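Only one structure is covered here, and it is reproduced in the block below.
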Number of protein chains: 2
Amino acid sequence: MPNTFKTAAERRIRQCGGRVTAGRVRILTILLAEQQAITHREIERRLLGKLPLDRVTLYRVLEWLTDKQLIHKVVSDDRVWRFHTNNELNSHQHAHFKCTSCASVICLDELPNERDWSLPIGYQFQEIELTVKGLCAECV
Amino acid sequence: MPNTFKTAAERRIRQCGGRVTAGRVRILTILLAEQQAITHREIERRLLGKLPLDRVTLYRVLEWLTDKQLIHKVVSDDRVWRFHTNNELNSHQHAHFKCTSCASVICLDELPNERDWSLPIGYQFQEIELTVKGLCAECV
DNA sequence: TACTAGTTGCAACATTGTTGCATTACTAAA
DNA sequence: TTTAGTAATGCAACAATGTTGCAACTAGTA
């Protein structure tokens, strides 16, 4: 039900005190409806049929949504950001899986024990970034 | 002793059946002498005083050295590849540490148990990519 | 020494993301 | 409802990183 996603998007944007603009709603709606983390380019493609949205605006909206913690960025070995909505389960730190065949990215729940890492003396832990690579169910 | 590094670089290149060219030797020498993983741009800077080496050649040499497994690439959240030599300790999978202040990157030894990851049904594990972020001893 | 395939340098291009600035439009207040 | 102020947008130009095609060069070999 895309309409539900749109309503949720509007609510979330309003809740964090931002202006409810068409671009923000469209982009967050797309991300809410999406199971996996998708790229700027993939979002652009999903916006195609409808009235166009500027590339730069898309970048800025994604940055804004990330700042407001409505979504999060995933870095990957192809040097492209991917974006995924936050929810109660994955607003904290979590791992990602990337398919080495089709490049799809999903979020995983678990993380290794953060304090397990024996860093060199004098180094200070902040956070962990973990990507598991392999084949997704489609590509096996 | 930079001369030792140069000798080692020549030996390693010859060992894997490649032509021993000035560019390859210079670049691998730099990487052997370096504690941390460094970027294309940082390598370029270290080549400055001496006779110049083309940007594209540098990219191609780094790719070649990676293919031959003499060095490995590290992906990072700034979307820039960093390169570090392989040795017995880290030619296998290992984790990386990145300083969130000065962006320096080093290699860590340990990895979490690879099979611990409960992937969705039908997904197949291949490898793991882990970056611990925090402050290095210089920046604490 | 001469040959040849592998390597390099150069120019042009591709992709992803950023900045500056004038215009538009969301929201709150009148 | 209208208005005004500011946040958001669109456009053009730019920046950083990496890639491709091709002619010229050179390391290794016969």
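Just so we're on the same page: letters track the sequence lines, and every chain starts at 1. As the structure is a computational prediction, the values presented were derived from the model and not from experiment.
- A:I27 places its CD1 atom 11 Å from the C1' atom of D:dT9, with the value rounded to the nearest Å.
- Looking at heavy atoms from C-beta onward, A:S101 lies out of side-chain contact with A:C136 at the 4.5 angstrom threshold.
- At a threshold of 4.0 Å, the pair B:K98-A:E129 does not count as salt-bridged, since none of the basic side-chain nitrogens sits closer than that to a carboxylate oxygen.
- Side-chain contact between B:V74 and B:W81: absent, with no pair of heavy atoms (C-beta onward) separated by less than 4.5 Å.
- To the nearest angstrom, P of D:dT17 lies 13 Å from CD1 of B:I43.
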Determine whether A:E34 and A:R46 satisfy the following criterion, salt bridge (charged side-chain N to carboxylate O under 4.0 Å, His left out), listing intermediate values before the conclusion. CA-CA 11 Å; A:E34 196 67 41; A:R46 283 164 178 66; 3.1 Å; yes
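- Within the 4.5 Å cutoff, no side-chain heavy atoms of B:K133 are placed close to those of A:I128.
- Between the side chain of A:T66 and the main chain of A:L62, a donor-acceptor pair closer than 3.5 Å is present.
- Considering only heavy atoms from C-beta on, B:I13 comes within 4.5 Å of B:W64 through its side chain.
- Counting only N and O atoms by type, the side chains of B:H72 and B:H94 include a donor and acceptor under 3.5 Å apart.
- Judged by distance alone with a 3.5 Å cut-off, a donor-acceptor contact links the side chain of B:R55 to the base of D:dG18.
- Distances shorter than 4.0 Å separate some side-chain N or O of B:R41 from OP1 or OP2 on D:dT17.
- In terms of position along DNA chain D, the nucleotide closest to A:V56 lies nearer the 5' end than the nucleotide closest to the other residue of the pair A:V56 and B:R60.
- Phosphate proximity of D:dA8 to A:R24: present, with a side-chain N or O under 4.0 Å from OP1 or OP2.
- The CH2-P distance, from A:W81 to D:dT17, rounds to 14 Å in whole Å.
- Taking every nucleotide of DNA chain C with any atom under 4.0 Å from a non-hydrogen atom of chain A, the first and last of them, 5' to 3', are C:dT16 to C:dT27.
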Contact pattern, 5' to 3', of nucleotides 23-30 of chain D - B, S or - by protein heavy atom under 4.0 Å: ---BBS--
